[in-house]
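A short worksheet on the structure shown next.
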Number of protein chains: 2
Amino acid sequence: MSEKAQNQRGRYHHGELRPALIEASFGLLAESGLAGFSVAQVARRLGVSTAAPYRHFPDRDHLMAAVATQAAVELAEEFGRAVADAGSDPAERFVVTAGAYVRFVGTRGAGFDVIFAAGLERLQNAALTDAGRHLMDLLWELAEQATGQDQETCLTLVGQHLVAAHGYVTLYAGGFFHRQETIDEIADLAMAASRTLLRGTPTG
Amino acid sequence: MSEKAQNQRGRYHHGELRPALIEASFGLLAESGLAGFSVAQVARRLGVSTAAPYRHFPDRDHLMAAVATQAAVELAEEFGRAVADAGSDPAERFVVTAGAYVRFVGTRGAGFDVIFAAGLERLQNAALTDAGRHLMDLLWELAEQATGQDQETCLTLVGQHLVAAHGYVTLYAGGFFHRQETIDEIADLAMAASRTLLRGTPTG
DNA sequence: GTCTATAAATAGATAGAC
DNA sequence: GTCTATCTATTTATAGAC
C-alpha cells in the first residue's frame, strides 16, 4: 500500500498534466523566483519525467506564457476581491490593489515581471496580451474614480502605484528588508506608499 | 601582428585580473541582468580561462560581494554628484537621487537587489555592510533636510522613494515599458514619482 | 597567476518505446 | 500521454602543468 503510494510519484499523471504543470510552476516561482524556474524542476515536482512537459508545451517560453496568462487572470480576480472588500471610498478602492498585488506575488511568485516579460511578447499570444491589458484598464478606471483627473495624470499615477508595489515585493524577495517582515506587512507598506502617491497627486 | 592581437585574447592577463573581473561583472550585469550572470561568462569576456577567477575569489558569491561593495561605493558617489548638481533646494536634492539610481542601475546593472542580495549577508562582509549602510544614511539625511520630519517618517519616505526607483528600473529592464523609453526618460519618471511622494508626505 | 583538462550538476530539448 | 534514454550546452569548481 505504501509501496503504491510511493510509485504514484514517478509514474503516470493521468489526463490533467497541462493544468498541473501551470499550477506547479506557480509553486516553483513562489519558492525560487523567476531565476530558479526550470521546466525540469516543474516536472520533478509532479513526479513526471522531464520530457513529459514537452508534450503539452513546445518549449519553456510557451509554458511561461501560459503561467503569465493565468497570473494576469488571477491577479484581476484578486484586484476585484480587494476592491469589493474596500468599501465605497474611491481612494481606498484604488489603494488596496497595491496590497493585493504584493500578497499575490508573495504567494504565487508571478507578477508584472512575468506577465509582461520581455521575451514573451514575440509569442504574439493574444490571451496573454488581452489579460495584461484588462489588468491595466481595471487599475486605470480605479485611478480615474479616485482622482477625477485626466487620462495622462491617471496613467502616471497607476505607473507609480504599480512600480512601488512591485519594488516592495521584489526587494522583499531579494532580502532587502532584513527584518522578518511578513508579506502582509509589506502589503501594508505598499498601500501606505500608494496613499502617499495619491495625496501627492492633484484631485478634483 | 594581427596574429599577436588575436592571441592577446585567450592568453595571459597580467597582474590586474581581480579588478578586471569586477569591472567585467558590471558589464555582464548591465547586459544580461542578475539572472544571466555567471563566473564563466565574466572570464570569457576577459579572454581568460574559466578557472582563472577562482584564483582571486573562492567562489561565485565572493565575486558578487566584491561587485556589490563597489556598486555601493560608486552609487554613493553618483548620489553625491547628483546632489551637488541639484542646487540648494532640499526637496530637489533628495529627488535627484532617484534619477541617479535609475541611471546607475541602467548602465552598471547592479542596484539594491545586488547590494543587499539575500545570499550575501551570510558572508559577513564588513566592507559591503558598511557601504550599504553609508548609502542608506546618505539618503536618510537628504530626506530629513527635505521634510524636516522625524526619523520614522523619513525612513518611510526613503523606503518609498527607493522602492519606486528600483521598481521603475527593474520593470524597465523586464520590458514592461514596451515603448522605446530611454534610461533617461525612466529616470525622469522615477524623479516625478519621488516628487509626488514628497508632496504626499507632511513637511515642516 | 594563468593554463588545460576535467568532474559533477543542471538545463532545454528530441527520439522512439510502450 | 508518459516513459526511458540520450544529446548538447552550460554552470560551478578542482587538480595539476607551466
Side-chain angles (χ1 to χ4, degrees), chain A residues 4-25 27-29 31-68 114 117-120 122-123, chain B residues 3-4 6-25 27-29 31-68 114 117-120 122-123:
Chain A
K4 188 192 168 188
Q6 275 193 330
N7 284 359
Q8 268 178 335
R9 281 187 172 267
R11 293 248 148 259
Y12 271 69
H13 188 287
H14 295 284
E16 296 291 347
L17 188 55
R18 195 193 140 97
L21 286 165
I22 296 173
E23 191 55 36
S25 295
L28 182 57
L29 283 169
E31 285 175 30
S32 311
L34 195 50
F37 179 86
S38 84
V39 179
Q41 277 292 337
V42 172
R44 267 176 227 123
R45 288 197 159 224
L46 293 171
V48 298
S49 78
T50 60
Y54 293 94
R55 283 283 134 185
H56 299 273
F57 299 99
D59 58 32
R60 175 202 158 104
D61 281 355
H62 281 82
L63 171 55
M64 285 300 306
V67 172
V114 172
L120 265 48
R122 64 168 175 74
L123 265 57
Chain B
E3 190 186 303
K4 189 192 169 190
Q6 275 192 332
N7 285 359
Q8 268 179 334
R9 282 186 171 265
R11 293 247 149 260
Y12 270 68
H13 188 287
H14 296 283
E16 296 290 348
L17 187 55
R18 195 192 140 97
L21 286 165
I22 296 173
E23 191 56 35
S25 295
L28 182 57
L29 283 169
E31 284 174 30
S32 311
L34 195 50
F37 179 86
S38 85
V39 179
Q41 278 291 339
V42 172
R44 265 177 228 121
R45 287 198 160 225
L46 293 171
V48 298
S49 80
T50 60
Y54 293 94
R55 284 282 135 186
H56 298 274
F57 299 99
D59 58 33
R60 175 202 160 103
D61 281 354
H62 281 81
L63 170 54
M64 285 299 306
V67 172
V114 172
L120 265 48
R122 65 169 175 73
L123 265 56

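Note that this is a predicted model, so its numbers are computed, not measured. Just so we're on the same page: letters track the sequence lines, and every chain starts at 1.
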So if I define the base as every atom that isn't primed, P, OP1 or OP2, how would nucleotides 5-13 of chain D read as a B/S/- string at a heavy-atom cutoff under 4.0 Å? ------SSB

Specify the separation, in whole Å, of atom [atom1] of [X] and atom [atom2] of [N].
{"X": "A/E16", "N": "D/dG1", "atom1": "CD", "atom2": "P", "result": "10 Å"}
{"X": "A/L21", "N": "C/dA13", "atom1": "CG", "atom2": "P", "result": "14 Å"}
{"X": "A/R55", "N": "C/dA17", "atom1": "CZ", "atom2": "C1'", "result": "12 Å"}
{"X": "A/L63", "N": "C/dA13", "atom1": "CG", "atom2": "P", "result": "10 Å"}
{"X": "A/R45", "N": "C/dA11", "atom1": "CZ", "atom2": "P", "result": "12 Å"}

Under the rule for side-chain contact (heavy atoms from CB on, under 4.5 Å), what residues qualify as partners of [X], not counting sequence neighbours?
{"X": "A/A52", "result": "A/L17, A/V48, A/S49"}
{"X": "B/A40", "result": "B/S38, B/R44, B/T50"}
{"X": "A/Y54", "result": "A/V39"}

Which residues pass the side chain to side chain donor-acceptor pair (under 3.5 Å) test with A/H62, not counting sequence neighbours? A/D59

A/E31 side, atom CD; A/R45 side, atom CZ - distance, nearest 0.5 Å: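 Going from CD on A/E31 over to CZ on A/R45, the span is 4.0 Å.
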
Tell me, please, which residues at least two apart from A/D61 pass salt bridge (charged side-chain N to carboxylate O under 4.0 Å, His left out). A/R122

